[in-house]
Amino acid sequence: MKTVREQQQKAKAPPRYDGTCRELSREESDRRVAAGEPFVIRFKTPKDGSTTIRDELRGDITVENTTIDDYIIVKTDGLALYHLAAMVDDHEMGITHVLRGSEWLGTFPLHALIIRAFGWPEPKWCHLSVFLKPTGKGKMSKRDVTSEQSIYALELREMGYLPEAINSWTALMGASFGAEEELLDLAGMTERFKIANLNPSPARVNFEKLDDFNGKWIRRLDITDLSGRLLPFFAKAGIQADPALLQRIVPLIQPRLVTLDDAVDFAGLFFREVPASPAEALTPKGLTAAQALGALEAAHALIRASEGFTTEALEPPLRALAETLGLKPGQLFGIIRQAVTGQPVSPPLFESMEIIGREVVVERLERAEATLRGA
RNA sequence: GCCCCCAUCGUCUAGUGGACCAGGACACGGCCCUUUCAAGGCCUAAACUGGGGUUCGAAUCCCCAUGGGGGCACCA
């Protein structure tokens with residue numbers, strides 16, 4: 001067999017069985033089996049004519065029988081290959097529709113031939129397009145573990161993608177469900193699913209769209225549900241988030257999340273010590289440290305004196321203060337934000353302060369003032 | 001090399017001979033809203049791979065070319 005292969009390669013012919021034992025008589029083969037010779041069983045493909053098979057997406061496909069090899073169907077160890085096993089299996093299970101990847105298109109004629117040889121009714125066949133890597137170069141493969149392009153669905157979950165988002169996203173690659181809404185849950189998809197809406201051409205995987213879908217799904221979740229899903233991600237980051245507190249924070253970060261993972265970045269400040277900010281960070285550009293300090297002290301006085309510690313109570317006076325100081329609201333709020341949250345970017349300031357609480361807010365304001373005085 | 005499949009904006013797609021100077025979504029750019037970042041709203045830009053046919057009429061049908069993908073194991 002080895003020498004045959006080499007000759008075929010030299011002749012630039014496709015590697016295939018040379019038919020040595022094709023015409024062996026039943027008696028002869030029985031004798032040799034009885035004699036203990038190792039053997040395989042091949043499918044004896046017709047030598048002439050052609051085979052026409054129907055794919056529900058592509059219509060009839062006709063191939064010359066000469067291009068179909070005498071495939072091995074049972075191995076030397078007596079085990080059936082997929083080609084035989086799957087056909088028998090499907091038949092035994094009464095399968096009516098076979099939807100599988102288009103990588104099976106090449107052996108599709110063989111499979112049909114096997115079924116016809118048994119005299120069994122043929123199921124309907126439909127070959128789905130493969131997913132291409134984001135680069136468009138080659139197909140996405142679950143076996144290509146070494147490639148950084150390959151990824152497991154489970155990893156996606158660990159990265160903070162919702163099962164709902166992953167489902168609706170993958171479903172939309174290589175298919176459509178009839179316009180109106182792209183974000184479909186399983187029930188919506190099964191309701192609308194039609195083989196005719198599948199696309200036969202390969203689809204490139206688009207992770208940007210996954211991000212978009214994930215954000216939209218996150219925004220659809222109710223607060224309790226989302227809070228519950230966030231807990232494991234805080235835990236993974238070493239934060240034991242108090243569920244009740246988290247419930248109050250979630251509305252602030254919900255519209256900001258792309259992945260569940262992001263919550264730790266956005267809400268971490270509510271659960272751990274925030275480091276003191278350097279004077280530069282506390283000083284908006286265009287202002288001096290002294291000006292920032294003055295603004296902060298004035299804000300501090302208002303906050304300390306404020307009757308309630310809610311957004312409703314805090315925002316109006318501070319907004320008025322900005323005007324009095326001749327600052328844009330964003331400038332004043334930016335200083336406070338940095339002082340209180342330790343970050344230039346944070347969830348909405350007043351709502352955040354409300355959650356952090358007066359005592360801690362005042363502490364942090366004082367700390368920031370000290371920093372600015374030393375500048 | 002051989003066999004098979006596919007071909008609309010950058011990407012995923014709608015479109016099955018006239019309703020298409022081609023619609024939607026993502027991404028991109030701009031505007032609005034706005035305490036940061038988002039979210040949200042509005043708007044712009046962006047495609048029928050090429051060439052032959054068929055037809056009164058082609059994104060839609062046929063052929064060729066080109067391009068892309070898949071397969072060619074005693075894997076699945």
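Remember, predicted model here, so these are calculated numbers, not experimental data. Note on naming: letters A, B, ... go to the chains in the order of the sequence lines (proteins, then strands), and numbering restarts at 1 for each one.
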Is it true that A:Glu164 and A:Arg229 have a side-chain N and a carboxylate O under 4.0 angstrom from each other?
yes

Trace of the side chain to side chain donor-acceptor pair (under 3.5 Å) decision for A:Asp261 with A:Tyr161
CA-CA 8 Å; A:Asp261 208 29; A:Tyr161 290 98; over 6 Å; no

Counting only distance, no hydrogens or angles, is the base of B:A27 paired donor-acceptor with the side chain of A:Lys209 under 3.5 Å?
no

Does any N or O donor sit under 3.5 Å from an N or O acceptor when you compare the side chain of A:Arg204 with the base of B:U11?
no

Would you tell me if any nitrogen or oxygen in the side chain of A:Asn206 comes within less than 4.0 Å of OP1 or OP2 on B:U13?
no

Hey, which of these two, A:Leu132 or A:Pro344, hits RNA chain B nearer its 5' end, going by closest nucleotide?
A:Pro344

Polar atom pairs between nucleotides 40-45 of chain B and protein, under 3.5 Å, N or O only, would you list them?
{"from": "B:G40", "atom 1": "OP1", "to": "A:Arg219", "atom 2": "NH1", "distance (Å)": "3.2"}

Is a donor from one side chain sitting under 3.5 angstrom from an acceptor on the other, for A:Thr51 and A:Asn65?
yes

Side-chain N or O of A:Ser176 closer than 4.0 Å to phosphate OP1/OP2 of B:A14:
yes

Under a 3.5 Å limit on both distances, the Watson-Crick or wobble mate of B:C2 is B:G71

Taking B:A76 as the reference, what is the distance to B:G67 when you measure between their P atoms (whole Å, please)?
35 Å

If you check the A:Ser201 side chain, which of B:C37, B:A76, B:A7 turns out closest?
B:A7

In terms of relative ring orientation, are A:Tyr82 and A:Trp104 parallel, tilted or perpendicular, with 30° and 60° separating the classes?
parallel

Quick one: which of B:G70, B:A27, B:C37 gets closest to the side chain of A:Asp212?
B:A27

A:Asn199 side chain: which of B:A27, B:U13, B:U35 is closest?
B:U13

From B:C6, B:U36, B:G71, nucleotide with atom closest to A:Pro200 side chain
B:C6

So which nucleotide does B:G29 pair with, by the Watson-Crick or G-U wobble rule with both distances under 3.5 Å?
B:C43

Any strand: nucleotide that pairs with B:U60 via Watson-Crick or wobble, under 3.5 Å:
none

Side chain proximity check, A:Leu57 to A:His127, heavy atoms < 4.5 angstrom
no

Report the nucleotide, chosen from B:C75, B:C6, B:G70, that has the shortest atom-to-atom distance to any side-chain atom of A:Lys75.
B:C75

Report the residue (A:Thr67 or A:Asn197) whose heavy-atom-nearest nucleotide on RNA chain B is the more 5′ of the two.
A:Thr67

Indicate whether any N or O donor in one side chain lies under 3.5 Å from an N or O acceptor in the other, for A:Thr62 and A:Thr52.
yes

Taking A:Arg319 first and then A:Glu323, would you say they form a salt bridge - that is, a charged N and a carboxylate O separated by under 4.0 Å?
no

Of the nucleotides B:A25, B:U35, B:C74, which has the atom closest to the A:Leu81 side chain?
B:C74

Hey, is the side chain of A:Thr76 pairing donor to acceptor with the base of B:C74 inside 3.5 Å?
yes

Please check the phosphate of B:C6 (OP1 and OP2 only) for any side-chain N or O of A:Arg58 closer than 4.0 Å.
no

The Watson-Crick or G-U wobble partner of B:U66, with both key distances under 3.5 Å, is B:A7

Looking only at the side chain of A:Ile61 (C-beta and beyond, no hydrogens), which of the listed nucleotides B:C6, B:U36, B:C4 gets closest?
B:C4

